[in-house]
Amino acid sequence: MKSDNLHIIDPVETSLARDYILKWGVKNQRSFNWRLSNSSYEIFISEFLLHRTRAGQVSEIYDFFIQRYPNFESIAETTKSNLREDLKTIGLNWRIDALYDCALRISRDYRGILPLDKTTLLSLPGVGEYIASAVVCFCIGSIEPVLDTNIVRFIGRFYGLKITDSSRRNKRFKEFILQFLKTKNPRQLIYYIIDFAFAVCTPSKPKCTSCPIKTVCNFGSGGGIRK
DNA sequence: CTCCCGGTCG
DNA sequence: CGACCGGGAG
């Protein structure tokens, strides 16, 4: 029987699940070129393009885009219509405008070098908490509350938290993911969680019966979502 | 916290 | 239709 204290982080269960995810990730992680990059520009671009867009979709144009636009200046020097043409397969025109404006500002105000503090990142158009946190974590290696829809679903189910539309900005979810990411390589673990949530802890019909952490998971062990 | 928005794909 | 490695406004 689990503790009656709701929403208390169990360090043992967290540690067990983390170890399982790390093990699972080694064999089952997806391979994307942007995950191998340590360039702040490429990391920023990839997160920007992944905004509300499937990873498989982005992967089809990612190499082409980085080659054509190797830095922020090259984006700032083209036209919005060129940029739209080169990104038309992934859509979301407002995002393309935002990317263009980001490139202008970074070129003009920061000499083309992406500032790596969250406050400045958040001031850029189209950059919210997820992208700012992910960029800082991936570039510097610090532990940040990176909460995309996949990670929110995973954290919510695992700890038995009610998942709502605002969970990604919920203070409790942030605390839980920060705790979960307390490893030497949070970036890698984030990728693993995302892939795990994509393949096993899916939105509909999660594969709980074959899930490696069902015994310590609130959802998979039959606890369901506690209020 | 709630709601709306967006282009594309499975 | 729901979902996508969310952001912005209210």
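Values reported hereafter were calculated over all heavy atoms of this structure, with side chains retained and with hydrogens, waters and symmetry mates removed. As the structure is a computational prediction, the values presented were derived from the model and not from experiment.
Annotation: side chain to side chain donor-acceptor pair (under 3.5 Å) contacts of E60(A) (sequence neighbours excluded): none. In this structure, Y192(A) has no ring pair (Phe, Tyr, Trp, His ring centres under 6.0 Å) partners at least two apart in sequence or on a different chain. By the ring pair (Phe, Tyr, Trp, His ring centres under 6.0 Å) test, F138(A) is found to be paired with Y191(A), residues two or more places apart in sequence or in another chain being considered. Taking K80(A) as the reference, nothing meets the side chain to side chain donor-acceptor pair (under 3.5 Å) condition, with sequence neighbours excluded. With sequence neighbours left out, the side chain to side chain donor-acceptor pair (under 3.5 Å) criterion links T183(A) to no other residue. For R35(A), the side chain to side chain donor-acceptor pair (under 3.5 Å) test picks out D195(A), with sequence neighbours left out.
A salt bridge links K118(A) with E144(A); the closest basic N to acidic carboxylate O contact falls under 4.0 Å.
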Once base and sugar-phosphate atoms are separated, protein heavy atoms under 4.0 Å mark nucleotides 3-10 of chain B, 5' to 3', with B, S and - as BB-BBSB-

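Nucleotides of DNA chain C lying under 4.0 Å from heavy atoms of chain A occupy a range whose first and last members, 5' to 3', are dG2(C) to dA9(C).
Nearer to the 5' terminus of DNA chain C, by closest-nucleotide assignment, is the contact made by F138(A) (compared with the other of F138(A) and L122(A)). Nucleotides of DNA chain C nearest to L124(A) and A55(A) differ in position, and the one nearer the 5' end is that of A55(A).
Outside the 6.0 Å centre-distance limit, the rings of F219(A) and F158(A) are not counted as a close aromatic pair. Aromatic rings from F173(A) and Y159(A) are positioned such that their centres are separated by 6.0 Å or more.
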Side-chain donor-acceptor contacts of residues 106-117 of chain A below 3.5 Å, not counting sequence neighbours, with atom names and distances?
unit_1: S107(A); atom_1: OG; unit_2: A103(A); atom_2: O; d: 2.7
unit_1: D117(A); atom_1: OD1; unit_2: T120(A); atom_2: OG1; d: 2.8
unit_1: D117(A); atom_1: OD2; unit_2: T120(A); atom_2: N; d: 3.0
unit_1: D117(A); atom_1: OD2; unit_2: T120(A); atom_2: OG1; d: 2.7

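If you check residues 139-148 of chain A against DNA chain C, the residues with a heavy atom closer than 4.0 Å are D148(A), listed by number.
dC5(B) and dC4(C): their C1' atoms are spaced 14 Å apart (whole Å). With both ends at atom C1', the span from dC5(C) to dT2(B) equals 23 Å, rounded to whole Å. Annotation: dG6(B) and dG10(C) have their P atoms spaced 15 Å apart (nearest Å).
Apart from L92(A) itself, the hydrophobic cluster it occupies contains W94(A), where clustering links Ile, Leu, Val, Met, Phe, Trp and Tyr at side-chain heavy-atom distances under 4.5 Å.
What you find for P125(A) and R105(A) is that their closest heavy atoms are CD-NH1, 4.0 Å.
No contact: R84(A) has no heavy atom under 4.0 Å from any strand. No contact: V58(A) has no heavy atom under 4.0 Å from any strand. Using a 4.0 Å heavy-atom distance criterion, E129(A) is classed as a sugar-phosphate-only contact.
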Strand DNA chain C in bracket notation, Watson-Crick/G-U under 3.5 Å with | for pairs to another chain: ||||.|||||

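A cation-pi arrangement is present between R30(A) and F198(A), with the terminal nitrogen or guanidinium carbon under 6.0 Å from the aromatic centre and inside a 45° cone about the axis.
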